[in-house]
Amino acid sequence: MDFKTTLVAKTKKAISDLYSIDDFSIDFEKTNPNFSGDVTLVVFPLLRYSKKGPEETANEIGAYIKKELDQIYDFNVVKGFLNIELTDSYWLDILKKNIDIGVQIPNIGANQKVVVEYSSPNTNKPLHLGHIRNNVLGYSICKIYESAGYEVIKNNLVNDRGIHICKSMYAYLRFGNHETPESSGVKGDHLVGKYYVEFDKNYQKEVQELVDKGMDSDEAKENAPSMVATREMLKKWENGDPETLSIWKVMNAWVYEGFDETYRRLGVSFDKIYYESDTYLLGKKIVQEGLERGVFFRKPDQSIWIDLTEDGLDEKIVQRSDGTSVYITQDIGTADLKYSEFSMDKFIYVVGNEQDYHFKVLQRILKRLNKPYADGLYHLSYGMVDLPEGKMKSREGTVVDADELIAEVVSTAKKQTEELGKTEGMNTDELTELYETLGLGALKYYLLKVDAKKRMLYNPSESIDFQGNTAPFIQYTYTRIASLLRAADQIKFEYPLLLHPTEKDLIKNMHAYPESVLASIRSNNPSEVANSVYEIAKGFNKFYHEISILGEDDSNTRFFRIALSDMVGKTLKHGFSLLGIEMPMRM
RNA sequence: GGUUCCAUAGCUCAACCGGAUAGAGCAACGGUUUUCUAAACCGUAGGUUCCAGGUUCGAGUCCUGGUGGGAUCACCA
C-alpha cells in the first residue's frame, strides 16, 4: 500500500474517532508553495461534524495522525488548512524506489487497444503549421498512451481523392508543361501545391470574366470553364478512366514522396495508413442497413437522412439524392473498417476543432446504429494556430509552410550554437544532428506546451527564442547532467539522512511526473507532461546553481548528488520521448 | 439567428475535484562568472482573472444574464 492511501486511511480513522462519524470522504492536495509542508488537508468541510473552529479541528486531526505515522515530521495549521510536512527519510525512500526501478508509469492500459488517427493530409498541397500541430500532438499522445501500457495503433487516413485533388490535376495538365519534381527541383508536394494555387488563380479570373459579362456571381462560380472541367474529371476518376487514374497516381506519388520527407524530419510515423480512395464507398452498405432498421429515412428526392433533433442536433444527410456518399458516410465506413481490423477499446481522432460538430454527429450516428465502438470514440479537438497578423489562409499566401518553418528553426539552432561556441571537437554529422535536435525540439515543444484544445498564437520570433520555457532550456539541463555523468568515474553511495531543500524539491517534482502522464491521458493533452518536465528542469538548474556536485568533498554526498542528477536526467529524457523530442548529449 | 468553444500581467501561456497571498517565460530594470557549461541563476516592477448578478465557509474555476472574439450550422471534404 502506498503512503498516500495509508495517510488517507489514518486520517479518516482520526476523524471518525474524534467526531464519531463514518460516512464522509477526504482528500489531500499538494501544499501551496507559499506555506511550509508537503501535503494539505482542507478541514472546512469537516467543521459541521467537529462543531469546533477550523484551527482547533485541524490541530486535533494533525496531532492525532502525527502520533500514528512515522513519515510525518511535523504539521502546521493556517486557518482551515492542515499542512503536513513529511520527513526527509520519506522522500529518500521515494527517491530510492525511483532509482531502483527507473522511470515508471502506472500500467493502466494493460490489454487495452487504442487507435489514434492523426495527420490525415490532403494530397493537393504541402503541409503547413496547422498540420505540424496535428502531427506533433498525435504522435505525442500515442507515445503517452504507450508509456502507460496501452497497445497503440498509429493511424493515418490520407485524403487522396475528391474535387480538390482534381483541381491540381486539371491545372497541371493545362499549365504544367510536363514538369516533374526531378526536372524542376521542387519537392513533390510543393509542386502539386503550386498547381492547386494555379487553379484557383485561373478560376477566379474566369469567374470575374463571367461576372463582367453580367452573370450572377453564384452562377459564374458554377459555370466557370475550369470548374466544369474539373467536375467532369472527378466523374471520370470515379468511373475508372485509365488516363485520369494514371495522372492521379503520378501526382499523388510525388506528394507522398514529399510528405514522407516531412514526416521523417518531424520524426512521426504510422503503423497503418488508409487511403480514402479505397474506403470512400464503405459507408454505403451501413447506410442501407440503417435505412432498413429505421435509423435513417428517405426524403422524396431519394436523399437519405438521420434526424438528430432529439439530441439537440439537426437533421443530417448521409447519402445524396444521386446515391453518392457524403463525407460523414465515409467516416462511418472507415470507423467500421477499423473496428473490424483492430477491435480497439478507444478510438482517438486528432482533428481540428472546426470539426467539433462533425464528430458529435458521427458519434451520435454510430450510437444509433448500435455500434459497439461508439462510446470509445474520442475527438481530440485542438485549436487553430493563429499568426500575429491574423489567421492563416492558403489562398492569400499567409500560411506558414511546414518545410520552410522547419528549415528556419534548424538554421536558428545552428546560428545560436555557433555563437555560443561550445561544440569544439564535434564533427559535421554530429553538428547536423544537434541542430536538428535543437531546432525541431524547440518547434515541437512550443506547440505542445500549450493546452491542446486551446487556440494558440504562433509568434515566429518567440518560437526561435531558446530561453526560458523552451525545449533548448530543458535540453541544456540534460546536457549539464550528461556532462556530470561523464566526469564521474563511479557512483557508489549510502543514502544520506537529510536533504538539501533543492534536493527535496527535485524529488517531489520527479515524484509528480508519472501522475502528470496519467493526467495527460485523462485529458488527452500532452501539455501536462511538458509542464511537469519543465518544472523538473527548472528545479535542477536551481539545485545545480546552489550546491556543488563534483566539487563536494564528501564522496558519499558527491555520489548521492550524481545519482540524483542521473535520475533527473532520465526523467527529463523520458518526458521528452513522450513529446517526441530528442535529447542531445552536448550542446 | 441557432449551437458551441474561448476571454487571466504589456505579450505568450500556467493554475489538479471549487481552496490559502492567482504563478511561469518573454519584454523592462538591477545583480551573479578565480567554482561542475551564463542556452543558467537571483532580485525588482507588473493583476478589479471581460462586465453584472447568484450559489457557499471559500469562485479565475460552478450557475444566470450581458459584452467581445473564434468555430460551426452545405446534396464541400
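Every chain is numbered from 1, with letters handed out A, B, ... down the list of sequences.
- Legend: residues meeting salt bridge (charged side-chain N to carboxylate O under 4.0 Å, His left out) with A/Lys360, ordered by chain and number and at least two apart, are absent.
- Across B/A71 and B/A45, the matching P atoms stand 41 Å from one another, rounded to whole Å.
- Looking at residues two or more places apart in sequence or on another chain, you find a salt bridge (charged side-chain N to carboxylate O under 4.0 Å, His left out) between A/Glu222 and A/Arg231.
- Between A/Arg161 and B/A77, a side-chain N or O to OP1/OP2 separation shorter than 4.0 Å is absent.
- Residue A/Asn83 places a side-chain atom within donor-acceptor reach of the base of B/A20, judged by atom type and a 3.5 Å distance cut-off alone.
- Taking the P atom of each, B/A74 and B/C6 are spaced 23 Å apart, rounded to whole Å.
- In this structure, A/Phe44 atom CZ and B/C57 atom P are separated by 11 Å, rounded to whole Å.
- Judged as a ring-ring contact (aromatic ring centres under 6.0 Å, His included), and not counting sequence neighbours, the contacts of A/Tyr203 are A/Phe199.
- Applying the salt bridge (charged side-chain N to carboxylate O under 4.0 Å, His left out) criterion to A/Glu546, with sequence neighbours excluded, gives A/Lys542.
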Output a table of nitrogen or oxygen pairs between the protein and nucleotides 8-13 of chain B separated by less than 3.5 Å.
residue : atom : partner  : partner atom : Å
B/C13   : OP1  : A/Leu457 : N            : 2.7

Got a list of protein N/O to nucleotides 40-47 of chain B N/O distances below 3.5 Å?
residue : atom : partner  : partner atom : Å
B/A40   : OP1  : A/Gly468 : N            : 3.3
B/A40   : O2'  : A/Arg480 : NH1          : 3.0
B/C41   : O2'  : A/His545 : ND1          : 2.8
B/C42   : OP1  : A/Lys542 : NZ           : 3.2

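- Note on A/Thr324: nothing from the nucleic acid sits closer than 4.0 angstrom, heavy atoms only.
- Contacts classified as salt bridge (charged side-chain N to carboxylate O under 4.0 Å, His left out) and involving residues 51-61 of chain A (residues at least two apart or in different chains) are given here: A/Lys52-A/Glu60.
- Of the candidates B/U37, B/A20, B/U4, B/U4 carries the atom nearest the A/Lys360 side chain, counting heavy atoms from C-beta on.
- The residue A/Gly551 sits close to a base: some heavy atom pair falls under 4.0 Å.
- Checked against the 6.0 Å centroid criterion, the rings of A/Tyr445 and A/Tyr534 do not qualify as a close aromatic pair.
- Summarising the geometry, the separation between CG on A/Asn32 and C1' on B/G19 is reported as 9 Å, rounded to the nearest angstrom.
- Secondary structure note: stems in RNA chain B built from 3 or more consecutive Watson-Crick or G-U wobble pairs under 3.5 Å occupy B:1-7 with B:67-73, B:10-13 with B:23-26, B:28-32 with B:40-44, B:50-54 with B:62-66.
- Summarising the geometry, the separation between CD1 on A/Ile464 and C1' on B/C26 is reported as 14 Å, rounded to the nearest angstrom.
- In this structure, A/Arg161 forms a cation-pi arrangement with A/Tyr280, its terminal cationic atom sitting closer than 6.0 Å to the ring centre and no more than 45° off the ring axis.
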Could I get a table of every N or O pair under 3.5 Å where one atom is in the protein and the other is in nucleotides 59-61 of chain B?
none

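- Sorted by first and then second residue, the pairs that involve residues 517-533 of chain A and meet salt bridge (charged side-chain N to carboxylate O under 4.0 Å, His left out), not counting sequence neighbours, are A/Glu515-A/Arg522.
- Going from the C1' atom of B/C36 to that of B/C13 covers 33 Å, rounded to whole Å.
- Sorted by first and then second residue, the ring-ring contact (aromatic ring centres under 6.0 Å, His included) pairs with a member in residues 27-56 of chain A read A/Phe44-A/Phe81; sequence neighbours excluded.
- The salt bridge (charged side-chain N to carboxylate O under 4.0 Å, His left out) analysis of residues 442-452 of chain A, with sequence neighbours excluded, yields the pairs A/Asp451-A/Lys453.
- Here A/Tyr534 lies in heavy-atom contact (under 4.0 Å) with sugar-phosphate atoms only.
- When rounded to the nearest whole Å, the span between CG of A/Asp314 and C1' of B/C73 equals 6 Å.
- Looking at heavy-atom distances under 4.0 Å, A/Leu438 makes contact with a base.
- The same atom, C1', is picked in B/A9 and in B/G25; the two are 12 Å apart, to the nearest Å.
- Comparing atom distances between the A/Gln330 side chain and each of B/C36, B/G19, B/A77 picks out B/A77 as nearest.
- For the pair A/Ser140 (side chain) and A/Val136 (backbone), a donor-acceptor distance under 3.5 Å is absent.
- Both A/Phe81 and A/Asn159 lie close to RNA chain B; mapped to their nearest nucleotides by heavy-atom distance, the more 5′-ward contact belongs to A/Phe81.
- Rounded to a whole Å, the CD atom of A/Glu29 is 12 Å from the C1' atom of B/A15.
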